[in-house]
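Side-chain atoms are counted along with the backbone in the values below, which use heavy atoms only and exclude waters and symmetry mates.
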Amino acid sequence: MSLFFIADAITWSALVLALVAAAVLSVLAYVRPRRAYVWFAAGTLGIATLAAASASAPAQFGLAPLVVLLGLTTAVFGGSAAAAMALNLAMGGTVAPGLHGGIIVTERLTADEKRQGIVAGARREVLRGGLTIGVLERVATAGTIIAGFPEGLAIVVAVKGVGRFTELEAPEARERFIIGTFASLIWACAAALVVHLAIR
């Protein structure tokens, strides 16, 4: 057995173990939101990235589907938890959650309403369905990178931006949209990068 073969076996073992850990921690962070799960998932994802980058040969046929499945699981579930943590850190719980996964915003008063002595605007829920849209966004993001078509990211971001455009007039909605989208996309890109490097 050559030293090269042993080094390659260690690299692939580290990659698969790190991806398994990242996937398990990502699912745990999604099911039972805890910051520690997200941080540990990020750490194991970093280890998987280093292992994938240092692999001397692409994944063998039997290992490639497992790597893809683990990477997609990490991208979808971990991205949701990472976005939620980023929003919580940035917003500090100042935005009230809605019943349908969105946020409650107060509409601005017009000049006439202010003259009439109206104190508060109507409250409505915006950015509804964010969890479902986030899952689809991360699947599409990871899929484009794994497939070797990173230009597809522009399509994902454009479709999401156009779809949410009318709801972004409130400052809280804009901030939440930008922070959540970036955190979600960055996580999905990182998980997909591991897969792309491993199966290249």
Side-chain angles (χ1 to χ4, degrees), residues 12 15-16 18-27 29-30 38 41-87 90 100-103 126-169 173-200:
W12 279 103
L15 170 64
V16 171
L19 261 181
V20 167
V24 168
L25 288 164
S26 294
V27 171
Y30 181 81
V38 177
T44 55
L45 191 56
I47 292 168
T49 304
L50 291 173
S54 63
S56 60
Q60 300 303 318
F61 178 74
L63 205 52
L66 176 64
V67 170
V68 171
L69 179 65
L70 291 171
L72 283 173
T73 301
T74 303
V76 171
F77 290 102
S80 181
M85 186 177 85
L87 286 167
H100 306 288
I103 59 170
V126 296
L127 301 179
R128 294 168 54 140
L131 291 175
T132 304
I133 292 170
V135 167
L136 296 172
E137 162 195 314
R138 288 185 294 278
V139 167
T141 298
T144 61
I145 292 174
I146 292 169
F149 181 62
E151 297 85 0
L153 286 173
I155 297 168
V156 173
V157 173
V159 168
K160 186 172 182 184
V162 168
R164 291 293 199 187
F165 182 75
T166 58
E167 296 180 279
L168 299 178
E169 51 194 50
R174 280 193 302 272
E175 291 170 6
R176 190 171 180 89
F177 177 80
I178 292 168
I179 292 167
T181 298
F182 278 170
S184 176
L185 287 175
I186 289 168
W187 187 278
C189 287
L193 176 63
V194 172
V195 177
H196 181 73
L197 290 172
I199 65 174
R200 69 190 186 285

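- Across all their heavy atoms, A82 and W187 have their closest contact at CB-CE3, 3.6 Å.
- Scored by the side-chain contact (heavy atoms from CB on, under 4.5 Å) test, L66 finds V16, L63, L70 as partners (sequence neighbours excluded).
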Residues 134-145, side-chain donor-acceptor partners within the protein, below 3.5 Å, at least two apart:
unit_1, atom_1, unit_2, atom_2, d
E137, OE1, K160, NZ, 2.5
E137, OE2, S184, OG, 2.8
R138, NE, V76, O, 2.8
R138, NH1, G134, O, 3.3
R138, NH1, S184, OG, 2.8
R138, NH2, V76, O, 3.3
T141, OG1, E137, O, 2.8
T144, OG1, A140, O, 3.4
T144, OG1, T141, O, 2.8

Name every donor-acceptor pair, under 3.5 Å, that has one atom in a side chain of residues 148-157 and the other anywhere in the protein, sequence neighbours excluded.
none

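- Of all heavy-atom pairs between A83 and G180, the closest is CB-O, 3.7 Å.
- Minimum heavy-atom separation, L45 to A22: N-CB, 4.1 Å.
- Sorted by first and then second residue, the side chain to side chain donor-acceptor pair (under 3.5 Å) pairs with a member in residues 43-53 form an empty list; sequence neighbours excluded.
- Separation of atoms CD1 (I47) and CG (L19) is listed at 11.0 Å; rounding is to 0.5 Å.
- Considering all non-hydrogen atoms of both residues, V27 and F77 come closest at CG2-CD1, 3.8 Å.
- When all heavy atoms are compared, the tightest approach of A75 to A188 is CB-CA, 4.0 Å.
- Atom SG of C189 and atom CZ of F182 lie 11.0 Å apart (nearest 0.5 Å).
- Qualifying side-chain contact (heavy atoms from CB on, under 4.5 Å) partners for A52, counting only residues two or more places apart in sequence or in other chains: L15, V194, L197, A198.
- Here side chain to side chain donor-acceptor pair (under 3.5 Å) pairs that include residues 69-80, with residues two or more places apart or in two chains, number zero.
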